[in-house]
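Just so you know, residue 1 is the first one in the sequence shown, and it goes up from there.
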Amino acid sequence: MNPKTVKIDILGIAIDNITMEEAISYVDSLREQNVGGYVVTPNPEIIFHSQEDPELAKLINKARLVVPDGIGVIKAAKTLERPLRGRVPGVELGEAILPSAAARGDRLYIYGAKPGVAEEAGRRLAAKYPGLIICGTSDGYGKDDDALCEKIDAAKPDLMFVCLGTPVQERWMAAHTARFPQCLMFGLGGSVDIYSGTVQRAPKFWRTLNLEWFYRLACQPKRIGRFLKSTPPFLCAVRRQHRAEKKAARQK
């Protein structure tokens, strides 16, 4: 079961060419049919990392939904002359599915971040979306996976926000899909910090200009090293992909 959209191949990752509204509708359809699985929200760093890790690329491509999170992914698709219809930021998608989830009385489990953060995020989301049931939370620092799975089993979630960072969260979701077959999981990285109020998202002005990445670098200079190791090489790799595709087309 997949959304009826075109897949855009960016460095071997098949991105769903889907709008936010379509993504929400698809998630709703999965929930109405009680279907589980996982959703991945790759940015350039995740896609670039997957080039060096074929197993990660494989499990990303097995996701129910792979949405374009970062503006770098949008620019990459444009470079490849297969433009995407827009960004679907994970932090926005995670919250955008909650009004209908609350209307259904869905049960949400939040897993990740430092101790207390997931719990506070749960309190805030439950207050904001009456009807939504926060059935459990766990921080991302526990080492006993069996105990965690038993806790999740007992909580019986319909939805789960897995916020462990890449590639840990993608591997965890793929490894536990069979364990929680009716739970739809979302890999949302640092989104739980925003939901809890621990971290403030970039103001709308920066997001409108597609400069949220710059705002985050300005606020968290320690991220600059990660940015330089992934985003420029990612864009270079995309240009190589474009040249290779053009060359192959000429040789046909």
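- In this structure, Leu93 and Val39 approach most closely via the heavy-atom pair CD2-CG1, 4.2 Å.
- Separating the CG atom in Asp28 from the CG atom in Leu30 is a distance of 9.0 Å, to the nearest 0.5 Å.
- Taking Cys183 as the reference, Pro157, Met160, Phe180, Met185 meet the side-chain contact (heavy atoms from CB on, under 4.5 Å) condition, with sequence neighbours excluded.
- Considering only heavy atoms from C-beta on, Ile18 comes within 4.5 Å of Leu65 through its side chain.
- A side chain to side chain contact (heavy atoms under 4.5 Å, CB included) with Thr41 is found for exactly one of Val91, Val88, Val67, Val73, namely Val67.
- With sequence neighbours left out, the side-chain contact (heavy atoms from CB on, under 4.5 Å) criterion links Thr166 to Ile46, Gln169, Glu170.
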Please walk me through it: do Glu21 and Arg85 pass salt bridge (Lys or Arg N to Asp or Glu O under 4.0 Å)?
CA-CA 11 Å; Glu21 291 73 20; Arg85 293 157 68 198; over 6 Å; no
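- Using a 4.5 Å cut-off on side-chain heavy atoms (C-beta onward), Ile13 and Val66 make contact.
- In this structure, the salt bridge (charged side-chain N to carboxylate O under 4.0 Å, His left out) partners of Arg82, at least two apart in sequence or on a different chain, are Glu245.
- Minimum interatomic distance between Leu188 and Gly90 (heavy atoms only, all atoms of both residues): CD2-O, 3.4 Å.
- With contacts defined as side-chain heavy-atom distances shorter than 4.5 Å, the pair Ser50/Leu11 does not qualify.
- Rounding to the nearest 0.5 Å places CD of Gln182 at 4.0 Å from CG of Asn34.
- Distance check: Ile8 CD1 to Leu84 CG gives 5.5 Å after rounding to the nearest 0.5 Å.
- Note on residues 133-142: no pairs pass salt bridge (charged side-chain N to carboxylate O under 4.0 Å, His left out), not counting sequence neighbours.
- Taking all atoms of both residues into account, the shortest heavy-atom contact from Phe186 to Met173 is C-SD, 3.7 Å.
- Using a 4.5 Å heavy-atom threshold, the side chains of Arg179 and Cys149 count as touching.
- Pairs engaging residues 66-79 under the salt bridge (charged side-chain N to carboxylate O under 4.0 Å, His left out) rule: none recorded [sequence neighbours left out].
- Between Gln51 atom CD and Leu56 atom CG the span is 11.5 Å, to the nearest 0.5 Å.
- Within the structure, salt bridge (charged side-chain N to carboxylate O under 4.0 Å, His left out) pairs that include any residue of residues 154-164 comprise Arg31-Asp158 (at least two apart or interchain).
- In this structure, the side chains of Met20 and Pro89 come closer than 4.5 Å at one or more pairs of heavy atoms.
- Note that OH of Tyr141 is 5.5 Å distant from NZ of Lys114, once rounded to the nearest 0.5 Å.
- Taking the side chain as every heavy atom from C-beta outward, Ile134 and Tyr129 never approach each other to under 4.5 Å.
- Taken to the nearest 0.5 Å, the CH2 atom of Trp172 stands 6.0 Å off from the OH atom of Tyr111.
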